[in-house]
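Structure first, then comments.
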Amino acid sequence: MNRSNPTFHYIYDPLCGWCYGAAPLLQVLSAMPDTAIALHAGGLWLGDRCRPTGQALRDYVRPHDQRIEALTGQHFGDRYFNELLLREGGLLDSEPAIRAVESVLALGGNGLKMLHRIQQSHYRDGLWAGELPYLASLAAEQGLEYAAFELAYHQVNLGNHIAESQDWLRRMRGKGYPTLGVEIDTQITVIPVMDFLGQPELFYQHIVTLLRA
């Protein structure tokens with residue numbers, strides 16, 4: 001009996017610095033043949049967990065982000081630290097980015113590519129990726145029209161998606177974001193993604209060995 005093709009379940013948040021650090025590992029998975037990646041946004045910054053931008057937020061996240069950059073090589077830009085995080089009246093809110101990724105998927109686009117573009121915009125370029133027009137411009141890079149994207153954006157059932165993602169997090173006994181596992185023939189194997197940050201070649205070898213087992 002042939003085994004089914006693997007599905008990698010990735011539990012993430014688009015505004016999680018460690019998930020940005022893990023982006024090169026997800027690119028390794030996306031380049032592997034006969035595999036699928038299911039994206040599950042957990043909602044790190046939602047509702048009463050949203051944080052206003054300002055000096056306090058920058059002071060809180062900066063040492064973590066600098067550690068991530070040193071460990072993974074993923075660049076955090078000056079504009080991110082000195083403008084975006086200090087933006088007057090801003091709010092660290094995951095909802096718009098989650099809606100955008102789910103909208104791209106609903107329209108047949110590449111959700112992981114959309115996630116990576118949001119992460120690059122936020123962390124590397126220091127651009128606020130929380131408004132529909134800008135998110136639509138990123139979706140347009142995949143040939144998706146504004147009107148279709150806008151409709152899909154407002155139709156995302158965010159509550160259901162977050163609940164399902166949290167269920168996946170519990171099933172994989174994840175402690176937070178990022179959490180990664182692979183499902184083959186209904187069996188799920190957790191992958192210690194944090195152990196491979198900054199080591200995409202070693203991660204690739206681990207995945208190949210895992211899939212051959």
Side-chain angles (χ1 to χ4, degrees), residues 9-24 26-27 29-30 36-54 57-58 61 65 68 74-166 168 177-178:
H9 293 275
Y10 182 49
I11 305 169
Y12 75 99
D13 188 88
L15 302 186
C16 161
W18 288 106
C19 295
Y20 174 57
L26 272 295
Q27 291 173 335
L29 295 182
S30 68
I37 301 174
L39 299 176
H40 309 284
L44 178 62
W45 308 106
L46 288 178
D48 59 6
R49 295 192 301 276
C50 293
R51 295 282 297 273
T53 53
L57 178 65
R58 186 178 73 168
V61 303
D65 293 338
I68 295 166
Q74 289 285 87
H75 180 59
F76 291 75
D78 290 339
R79 186 172 177 178
Y80 162 71
F81 285 122
N82 298 322
E83 295 184 29
L84 180 60
L85 289 179
L86 297 176
R87 192 168 65 102
E88 185 176 352
L91 193 67
L92 197 62
D93 183 358
S94 302
E95 179 174 346
I98 295 172
R99 285 184 174 276
V101 172
E102 288 302 297
S103 299
V104 167
L105 287 169
L107 295 171
N110 187 321
L112 185 61
K113 182 178 179 180
M114 183 66 170
L115 170 60
H116 287 167
R117 289 294 292 117
I118 291 170
Q119 291 171 324
Q120 289 170 343
S121 296
H122 184 80
Y123 291 110
R124 186 191 67 189
D125 303 330
L127 300 174
W128 174 232
E131 295 180 348
L132 180 59
Y134 183 76
L135 292 166
S137 74
L138 298 182
E141 295 174 0
Q142 299 190 37
L144 301 178
E145 296 182 354
Y146 186 101
F149 178 80
E150 181 181 27
L151 180 62
Y153 180 92
H154 291 299
Q155 289 180 338
V156 171
N157 190 326
L158 186 69
N160 279 1
H161 179 78
I162 297 299
E164 290 173 358
S165 297
Q166 290 299 320
W168 275 104
Y177 317 107

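In this chain, numbering begins with 1 at the start of the sequence shown.
Closest of all the heavy-atom pairs between Ile68 and Gly17 is CD1-C, 3.4 Å. The minimum heavy-atom distance between Pro24 and Gly21, with the atom names listed, is CD-O, 3.4 Å. The shortest non-hydrogen separation linking Pro96 to Leu135 is O-CD1, 3.5 Å. Between Ala139 and Val104 the shortest heavy-atom distance is CB-CG2, 4.1 Å. Nearest heavy-atom pair across Ala129 and Ile118 is CB-CG2, 4.2 Å. Across every non-hydrogen atom of Gln119 and Ala23, the tightest pair is OE1-CB, 3.9 Å.
Applying the salt bridge (charged side-chain N to carboxylate O under 4.0 Å, His left out) rule to pairs touching residues 40-51 yields nothing, sequence neighbours excluded. Screening residues 74-101 for ring pair (Phe, Tyr, Trp, His ring centres under 6.0 Å) gives Tyr20-Phe76, Phe76-Tyr80, Phe76-Tyr123, Tyr80-His122, Tyr80-Tyr123 as the qualifying pairs, with residues at least two apart or on separate chains. Residues in residues 141-161 take part in no ring pair (Phe, Tyr, Trp, His ring centres under 6.0 Å) pair, two or more places apart or across chains. Residue pairs that meet the salt bridge (charged side-chain N to carboxylate O under 4.0 Å, His left out) test with at least one member in residues 101-115, sequence neighbours left out, do not exist here. Sorted by first and then second residue, the salt bridge (charged side-chain N to carboxylate O under 4.0 Å, His left out) pairs involving residues 150-160 (not counting sequence neighbours) form an empty list. For residues 77-86, every residue pair satisfying the salt bridge (charged side-chain N to carboxylate O under 4.0 Å, His left out) rule, not counting sequence neighbours, is listed here: Arg79-Glu83. Residue pairs meeting the side chain to side chain donor-acceptor pair (under 3.5 Å) criterion with at least one member in residues 9-19, sequence neighbours excluded, are His9-His40, His9-Glu183, Asp13-Ser94.
With sequence neighbours excluded, no residue satisfies salt bridge (charged side-chain N to carboxylate O under 4.0 Å, His left out) with Glu164. The side chain to side chain contact (heavy atoms under 4.5 Å, CB included) search around Ser137 returns Tyr134, not counting sequence neighbours. Scanning for side chain to side chain contact (heavy atoms under 4.5 Å, CB included) contacts around Glu95 gives Leu46, Asp93, Arg99, Leu158, with sequence neighbours left out. When the side chain to side chain contact (heavy atoms under 4.5 Å, CB included) test is applied to Glu145, no partner is found at least two apart in sequence or on another chain. Not counting sequence neighbours, the partners of Asp125 by the side chain to side chain contact (heavy atoms under 4.5 Å, CB included) test are Leu127.
At least one donor-acceptor pair under 3.5 Å links the side chain of Thr53 to the backbone N or O of Arg87. Remark: side-chain polar atoms of Trp128 are not paired, donor with acceptor, to backbone N or O of Leu84 under 3.5 angstrom.
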Under the side chain to side chain contact (heavy atoms under 4.5 Å, CB included) rule, what do Ser30 and Leu112 come out as? Steps first, then yes or no, please. CA-CA 8 Å; Ser30 68; Leu112 185 61; 3.8 Å; yes
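In this structure, CG in Leu26 is found 7.5 Å from CG in Leu115, a value given to the nearest 0.5 Å. Going from atom OG of Ser103 over to atom CD1 of Ile98 covers 11.5 Å, rounded to the nearest 0.5 Å. The structure places CG of Asp65 at 11.5 Å from CZ of Arg58, a figure rounded to the nearest 0.5 Å. To the nearest 0.5 Å, atom SG of residue Cys19 and atom CG of residue Leu44 are 8.0 Å apart.
Considering only heavy atoms from C-beta on, Leu92 stays 4.5 Å or farther from Pro52 through its side chain.
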